[in-house]
2 protein chains.
Amino acid sequence: MELDNRKIQILKAIIETYLETGEPVGSRTISKINGLNVSSATIRNEMVDLEEMGLIVQPHTSAGRVPTDKGYRLYVDRLMEERTRDISKLTRFFSRRMDRVENVLKSMANMLSADTNYTAMVTGPRYMRNELKLIQLAYLDASHLIAVIVVEGNVARNKIIPVKERLTNEDLLKLNILLNSALQGKSLDDLTLKHIARLKEEAGPYRDVVGEVLNAISEVVYKEQNEPPEVYTSGKMNIFRYPELAEGTMAERILTVLEDKGRITDLFERDSGSGGIRVYIGGETPMPAMQNCAVVTTEYDFGKGLRGRIGIIGPKRMDYEHVVSTLKTLMEEMDRIYHADNREEM
Amino acid sequence: MELDNRKIQILKAIIETYLETGEPVGSRTISKINGLNVSSATIRNEMVDLEEMGLIVQPHTSAGRVPTDKGYRLYVDRLMEERTRDISKLTRFFSRRMDRVENVLKSMANMLSADTNYTAMVTGPRYMRNELKLIQLAYLDASHLIAVIVVEGNVARNKIIPVKERLTNEDLLKLNILLNSALQGKSLDDLTLKHIARLKEEAGPYRDVVGEVLNAISEVVYKEQNEPPEVYTSGKMNIFRYPELAEGTMAERILTVLEDKGRITDLFERDSGSGGIRVYIGGETPMPAMQNCAVVTTEYDFGKGLRGRIGIIGPKRMDYEHVVSTLKTLMEEMDRIYHADNREEM
DNA sequence: GGTTAGCAATCAACAGACACGAGTGCTAAC
DNA sequence: GTTAGCACTCGTGTCTGTTGATTGCTAACC
């Protein structure tokens with residue numbers, strides 16, 4: 001069947017009305033929209049066609065029509081008009097003196113949920129190639145050293161190492177030089193047993209300390225690489241604004257998924273091959289709990305391998321235009337700020 | 001009216017039955033409990049008295065009785081029997097190689113919520129007297145230094161400082177010695193303008209770097225001291241197990257409070273003067289959203305000023321015996337481990 | 001005087017009956 | 001191809017009657 005111009009107009013009107021109200025849309029409501037001067041009976045005839053095409057359904061006889069996932073998909077792909085966004089709010093947190101990555105991500109999530117009234121989630125960056133940038137040992141007290149480990153992207157972690165024998169300051173200095181010259185620029189994959197054996201040998205009496213430092217490195221870096229990244233969330237309770245997500249045990253099931261960092265990461269990183277904004281509608285998400293949800297995600301990039309994903313989660317009748325344009329504008333701003341010139345610090 | 005022995009027995013039976021079922025308890029149910037060989041009619045007479053005393057109420061005529069806040073309070077204060085707890089589960093995470101505080105607190109929260117089926121929340125430690133223990137500067141790359149700041153309790157934070165001129169390694173070493181000899185053992189309150197001026201003077205050409213380091217210290221330490229502490233939560237979704245907390249908009253309202261670190265801190269730290277375990281029942285909490293909840297909190301202490309609070313949040317018909325004895329045993333174990341001998345590392 | 005059996009009264013919960021309104025599908029006329 | 005009109009469907013809200021649990025009261029009992 002032909003999806004002619006009038007059918008498209010009617011479908012768009014149905015979807016946009018449903019986005020606002022959340023109630024099934026009847027033929028009479030559509031016929032009253034100006035620009036489309038036909039009677040409700042005509043609309044009804046067209047609706048039957050749209051229903052045959054699988055774009056809308058009736059929840060029950062004698063109810064209005066509701067868009068199907070396929071209908072939303074058509075809308076998102078072809079009908080939606082791009083809105084330009086006011087970027088003053090979006091960039092406020094970039095313009096402040098640059099903070100650590102976590103804080104930027106947190107405030108991004110806060111802004112997004114406040115701006116959209118949906119739930120915003122931002123996954124912490126995954127470090128793809130964790131080159132060691134600096135290792136620094138220092139005495140903390142008589143029996144403990146602190147090892148500070150900095151990897152590419154200026155992410156610093158520390159680990160406290162108990163020591164038995166007392167090292168002199170000079171020895172500590174030598175140890176620092178030894179560790180840095182051996183390990184700087186290396187990633188976990190580069191560190192073979194051979195390297196480690198040689199390093200330990202060179203450390204002589206302090207081989208145990210070197211061993212502990214290497215343990216600390218692998219623990220810190222490995223964990224960062226393999227565990228699901230941190231997830232910053234904001235506006236989880238917004239799901240209660242939408243009755244179709246709050247009724248029955250829906251809210252519980254959705255919130256349970258949102259609590260699970262691993263599942264959020266899976267959700268956001270599905271076929272995330274190419275860049276750009278992805279929209280998953282209802283059954284397109286892998287989670288049964290999220291059949292009534294839509295998820296919009298995109299990748300962010302702070303440069304230097306600091307990449308993660310941003311996601312907006314809301315009802316299927318989400319204001320796609322708003323969400324997509326907000327994310328798009330945010331990404332453009334971010335690109336402008338972090339990729340034009342070098343950032344000062346992070 | 002006299003609260004004689006039989007009345008107490010009946011009240012206890014009502015409360016304990018209600019804790020299990022969550023349904024109003026009728027006179028017949030109580031009369032069937034062995035040990036109390038009286039008819040339902042007698043129980044009814046006693047119930048009228050208990051109701052007059054404000055310990056139980058009927059949700060409506062011809063329904064069974066439900067404990068009031070006052071009834072729970074009497075139960076918690078006087079009727080509850082202490083159970084001894086199997087501590088094998090409780091101490092598992094203490095016996096593992098000592099991790100950073102955050103991880104211990106996280107796993108404590110996880111264990112508590114899994115063990116009780118309620119929500120567990122642990123506030124991060126507040127550092128009462130943040131003495132500086134170590135300041136360590138190192139070159140990260142040509143134009144950035146990293147300053148590692150360690151305070152009492154071995155909590156390390158880092159801050160990246162951009163520098164214009166290139167310092168030699170020797171200068172850096174001198175700067176480290178200068179900073180540490182001037183600042184070690186000092187807290188924020190000790191640092192007067194006079195100190196700072198002298199320190200800057202001594203730093204000579206590197207006064208700007210010293211200034212930046214001091215900024216970093218005040219930023220890191222001040223923030224830690226004045227913002228609400230981190231809150232680690234586990235089992236938030238457990239509230240959906242209890243219909244009286246899940247129905248209507250209750251769940252939303254409770255979860256909204258639980259999302260708010262500031263309000264959680266307020267909730268836990270109410271008149272937390274003396275130690276021990278505190279129980280807040282229904283209206284005794286300051287939050288209107290938590291009228292149907294009970295909150296059990298206690299203070300933990302890792303030593304060296306690392307103190308915060310643990311809280312269990314559940315329905316008013318919470319298994320108080322279980323929760324209180326779990327927390328008590330946990331605190332005793334913690335005391336044994338952290339206060340008997342010195343801990344190895346944190 | 002305390003205890004108990006018996007009984008009427010109360011009320012939530014549930015199910016069936018009914019009217020109402022929104023919305024559709026179909027048909028005949030334009 | 002479009003429209004008006006009408007019968008039909010079905011969710012929603014209201015009312016009514018029934019059932020079952022539980023109470024309070026009273027009179028009899030120990």
Side-chain angles (χ1 to χ4, degrees), chain A residues 1-11 13-15 17-18 20-68 71 243-244 247-248, chain B residues 1-11 13-15 17-18 20-68 71 243-244 247-248:
Chain A
M1 191 176 310
E2 189 64 35
L3 193 63
D4 61 29
N5 205 40
R6 194 171 67 183
K7 282 194 175 56
I8 286 181
Q9 258 192 294
I10 291 172
L11 178 63
I14 291 172
I15 293 181
T17 309
Y18 186 68
E20 272 178 40
T21 63
E23 298 289 313
V25 184
S27 55
R28 193 135 183 287
T29 314
I30 299 299
S31 76
K32 275 184 295 190
I33 292 176
N34 51 5
L36 200 62
N37 296 315
V38 288
S39 77
S40 63
T42 311
I43 303 286
R44 280 203 286 282
N45 289 329
E46 298 285 40
M47 279 175 154
V48 174
D49 294 348
L50 289 171
E51 188 156 8
E52 266 175 33
M53 286 185 256
L55 298 170
I56 55 179
V57 277
Q58 279 183 288
H60 55 85
T61 8
S62 89
R65 303 305 212 284
V66 164
T68 61
E244 67 268 43
E247 71 179 357
Chain B
M1 192 175 314
E2 189 64 33
L3 193 65
D4 61 27
N5 205 40
R6 193 170 68 182
K7 282 194 176 57
I8 287 181
Q9 257 193 295
I10 291 171
L11 178 63
I14 292 171
I15 294 181
T17 309
Y18 186 69
E20 271 177 42
T21 63
E23 299 288 314
V25 184
S27 55
R28 192 135 184 285
T29 315
I30 299 298
S31 75
K32 275 184 294 191
I33 292 176
N34 51 5
L36 200 60
N37 295 316
V38 286
S39 77
S40 63
T42 311
I43 304 285
R44 281 201 286 283
N45 288 330
E46 298 286 39
M47 278 174 155
V48 174
D49 295 347
L50 289 170
E51 189 158 6
E52 267 174 33
M53 286 185 255
L55 298 170
I56 54 179
V57 277
Q58 279 182 288
H60 54 86
T61 6
S62 88
R65 303 305 211 284
V66 164
T68 61
E244 67 268 41
E247 71 179 356

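When reading the values below, keep in mind they use all heavy atoms of this one structure, side chains included, and skip hydrogens, waters and symmetry mates. So you know, we letter chains A, B, ... as the sequences are listed, proteins then strands, and number each from 1.
With D:dG24, D:dT3, C:dT24 as the choices, the nucleotide that has an atom nearest any side-chain atom of A:S39 turns out to be D:dT3. In this structure, the nucleotide among D:dT2, D:dC10, C:dT24 sitting nearest to the side chain of A:T61 is D:dC10. Here the side chain of A:N45 is nearest to one of C:dT24, C:dA5, D:dT3, namely D:dT3. Picking from D:dC10, D:dT23, C:dG25 the nucleotide with the shortest atom distance to the side chain of A:H60 gives D:dC10. When distances are taken from the side chain of A:V38 to each of D:dT3, D:dT23, C:dG25, the shortest belongs to D:dT3. The nucleotide whose nearest atom lies closest to any side-chain atom of A:R65 is, among C:dT3, C:dA12, C:dG25, C:dG25. Of the candidates C:dT24, D:dT3, C:dA5, the closest approach to any side-chain atom of B:A41 belongs to C:dA5. Checking D:dG24, D:dA21, D:dC10 against every side-chain atom of A:S62, the shortest atom distance belongs to D:dC10.
If you take CD of A:E51 and P of C:dG25, they are 7 Å apart, rounded to a whole angstrom. Taking atom CD1 of residue A:I14 and atom C1' of nucleotide C:dT24, one finds them 13 Å apart after rounding to whole Å. For the pair B:D49 CG and C:dT3 P, the interatomic distance rounds to 11 Å; values are reported in whole Å. Computed from coordinates, the B:Q58 CD to D:dT22 C1' distance equals 8 Å when rounded to whole Å. A:I43 places its CD1 atom 17 Å from the C1' atom of C:dA22, with the value rounded to the nearest Å. A:R6 places its CZ atom 8 Å from the C1' atom of D:dG1, with the value rounded to the nearest Å. For the pair B:M47 CE and D:dT23 C1', the interatomic distance rounds to 10 Å; values are reported in whole Å. A straight line from CD of A:E46 to C1' of C:dG25 spans 15 Å, rounded to a whole angstrom.
Remark: A:T42 is not in phosphate contact with D:dT2, judged by side-chain N or O atoms under 4.0 Å from OP1 or OP2.
For the pair A:T68 (side chain) and A:G54 (backbone), a donor-acceptor distance under 3.5 Å is present. Without hydrogens or angle criteria, B:Q58 side chain to B:A63 main chain gives a donor-acceptor distance under 3.5 Å.
Atoms CD1 and CG, on A:I10 and A:L55 in that order, are 12.0 Å from each other to the nearest 0.5 Å.
Side-chain atoms of A:R44 and base atoms of C:dG25 include a donor and an acceptor less than 3.5 Å apart.
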Evaluate side-chain contact (heavy atoms from CB on, under 4.5 Å) for A:I14 paired with A:M47, printing each intermediate quantity in order.
CA-CA 10 Å; A:I14 291 172; A:M47 279 175 154; 3.8 Å; yes

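Base pairing analysis places C:dC30 opposite D:dG1; the two distances defining the Watson-Crick or G-U wobble pair are each below 3.5 Å.
Among the heavy atoms of the strands lying under 4.0 Å from A:S27 are primed sugar atoms or P, OP1, OP2 only; no base atom is included.
Smallest separation of non-hydrogen atoms from B:P24 and B:P59: CG-CG, 4.0 Å.
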